[in-house]
**Q** 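Dropping the structure in here first, questions after.
In each ligand, atom 1 is the first atom listed, and ligand 1 is the first ligand listed. Computed from a predicted structure; not experimentally measured.
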Amino acid sequence: MITGKTKLLGVIGYPVEHSLSPLMHNAAIQAINDQQPQQNLIDYIYLPFSIKPEDLNTAIAGFSAIGVQGFNITIPHKQTIIPLLSEVSDIAQAVGAVNTVYKTNKGWAGTNTDVTGFLAPLQTYNWDWHQKVALILGNGGASRAVVAGCAQLGFAEIHVIGRSMEKLAAFQQSWLNSPLPINLVVHKWEELSSLISQVDLLVNTTPIGMYPKIQESPVDENMFDKLSSAAIVYDLIYVPRPTKFLRQAQMRGAIAIDGLEMLVQQGAAALELWLQQFVPVDVMRYSLLNTPPASNPRL
Ligand code: NAP
């Protein structure tokens with residue numbers, strides 16, 4: 001129920017229509033209130049805001065003026081928001097992108113909960129990560145959160161594969177002054193076949209295999225023969241579940257993790273930051289899994 005005191009949360013992006021965040025966050029807010037006596041209800045709503053790049057400064061000044069409490073950020077504002085913030089967390093600085101903004105008495109502060117989201121399913125495995133080798137396919141925005149997450153876990157080696165040597169060199173360079181301990185090597189796709197046999201964690205951060213191109217996979221079928229059956233294979237894509245890439249990994253006997261849990265956990269970490277209380281992660285996950293396809297074409 002919206003009242004005269006309802007506080008605003010939201011997500012900014014362009015486009016933003018596809019975002020599943022309003023569904024997930026409003027379900028959590030409602031579930032929290034379902035458990036509360038009338039006098040303890042929290043009075044929040046989470047809305048999508050479609051903001052063109054050229055309107056970002058005006059929109060953020062407007063958010064301050066109307067008392068928005070916090071917001072998520074999606075493409076294309078994850079980097080361009082940074083100069084508008086009075087504080088940026090170490091992890092967001094290491095990633096070079098902000099996906100969550102909250103209020104402090106000095107102004108807006110930014111952090112990055114994609115790293116927390118990425119790590120959540122991996123932390124259910126009691127592995128000694130310091131002995132392990134990670135191979136990350138793709139060198140875009142999500143790859144940066146994955147590299148930071150692998151560095152936090154303490155991976156012995158982190159390898160990143162991309163298709164442009166120029167972009168790969170810039171990617172590697174950007175980690176040189178990182179506060180995170182990191183042993184990063186970049187490679188072209190041609191090197192995948194020689195690397196794949198050594199890896200303990202293989203992560204797809206490219207959109208290859210995402211709906212509607214569900215017949216595609218970033219890795220050829222026969223290359224999976226070289227992968228250790230003890231490896232973890234992780235696809236950041238959450239539509240479809242599983243992707244062809246993960247089905248191939250499962251056939252090899254590897255552990256497969258899809259991108260849904262990362263999506264849920266990055267959202268839960270943001271909501272916890274805004275509300276300063278425990279949030280119902282199960283409800284957030286359930287809201288995405290159980291929304292009829294007509295209103296939720298992405299799952
Ligand atoms: P991005 O910044 O555009 O990066 C995409 C990367 O994939 C780039 O390195 C790009 O290479 C590479 N790539 C794209 N098409 C390729 C192809 N055909 N062959 C080889 N490489 C290709 O996108 P992003 O924001 O990182 O997102 C990547 C994926 O992660 C998307 O599917 C997104 O939905 C998913 N994601 C999931 C979550 C989650 O919570 N589960 C969070 C974030 C992202 P170039 O640089 O050479 O173009």
**Q** Please examine the side chains of Y234 and N204, heavy atoms only from C-beta on, and report whether any two atoms are closer than 4.5 Å.
**A**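 No - every pair of side-chain heavy atoms lies 4.5 Å or more apart.
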**Q** For G259, is at least one N or O under 3.5 Å away from an N or O on ligand 1?
**A**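 Between G259 and ligand 1 (N or O atoms, distance only) the closest approach is under 3.5 Å.
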**Q** My understanding is that we take every heavy atom of each candidate and find the minimum distance to atom 9 (O) of ligand 1. Doing that for N99, L137, N139, which one comes out nearest?
**A**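 Among N99, L137, N139, the closest heavy atom to atom 9 (O) of ligand 1 belongs to N139.
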**Q** Short list, please: which atoms of ligand 1 are under 4.0 Å from a heavy atom of Y238?
**A**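 Numbered from 1, ligand 1 contributes 39 (C), 41 (N).
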**Q** By number and element, which atoms of ligand 1 are closer than 4.0 Å to a non-hydrogen atom of M210?
**A**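 This gives 32 (O), 34 (O) as the contact atoms.
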**Q** So which heavy atom on P218 is nearest to which on I208, and how close?
**A**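 Looking at all heavy atoms of both residues, the shortest contact is N-CG2, 3.7 Å.
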**Q** Please tell me if the side chains of T74 and I12 come closer than 4.5 Å, counting only heavy atoms from C-beta onward.
**A**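 No. Closest side-chain heavy atoms not under 4.5 Å.
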**Q** Looking at ligand 1, does any of its N/O atoms fall within less than 3.5 Å of an N/O of I208?
**A**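 Among all N and O atoms of I208, none is under 3.5 Å from an N or O of ligand 1.
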**Q** Test your reading of the structure: does G141 have an N or O sitting under 3.5 Å from an N or O of ligand 1?
**A**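 By distance alone, the answer is yes.
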**Q** Out of R163, M262, E261, K167, indicate the one that has the non-hydrogen atom closest to atom 11 (O) of ligand 1.
**A**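 The nearest heavy atom belongs to R163.
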**Q** Is any side-chain heavy atom of V186 less than 4.5 Å from a side-chain heavy atom of N139?
**A**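 Answer no - side chains too far apart.
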**Q** N/O to N/O below 3.5 Å, does that happen between P207 and ligand 1?
**A**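 Among all N and O atoms of P207, none is under 3.5 Å from an N or O of ligand 1.
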**Q** By number and element, which atoms of ligand 1 are closer than 4.0 Å to a non-hydrogen atom of I237?
**A**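 Every atom of ligand 1 under 4.0 Å from some heavy atom of I237: 32 (O).
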**Q** Sort out for me which residue in W108, Y102, Y46 forms a ring-ring contact (aromatic ring centres under 6.0 Å, His included) with F71.
**A**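 When W108, Y102, Y46 are each tested with F71, the ring-ring contact (aromatic ring centres under 6.0 Å, His included) holds only for W108.
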**Q** Taking atom types as modelled, find out whether R247 and S217 have a side-chain donor-acceptor pair closer than 3.5 angstrom.
**A**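 Not at all, the side chains of R247 and S217 share no donor-acceptor pair under 3.5 Å.
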**Q** For ligand 1, which atoms sit closer than 4.0 Å to a heavy atom of L263?
**A**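 So the answer, numbered in order with elements, is 40 (O).
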**Q** When you measure from the centre of the six-membered ring of Y44, is the NZ or CZ of K7 under 6.0 Å away and within 45° of the axis?
**A**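 The answer is yes; both the distance and angle limits are met.
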**Q** Say whether, by atom type as modelled, one donor and one acceptor occur between the side chain of H77 and the main chain of I51 under 3.5 angstrom.
**A**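 A pair under 3.5 Å: yes.
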**Q** Can you find an N or O of I75 that's nearer than 3.5 Å to an N or O of ligand 1?
**A**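 In fact, backbone or side chain, I75 has no N or O that close.
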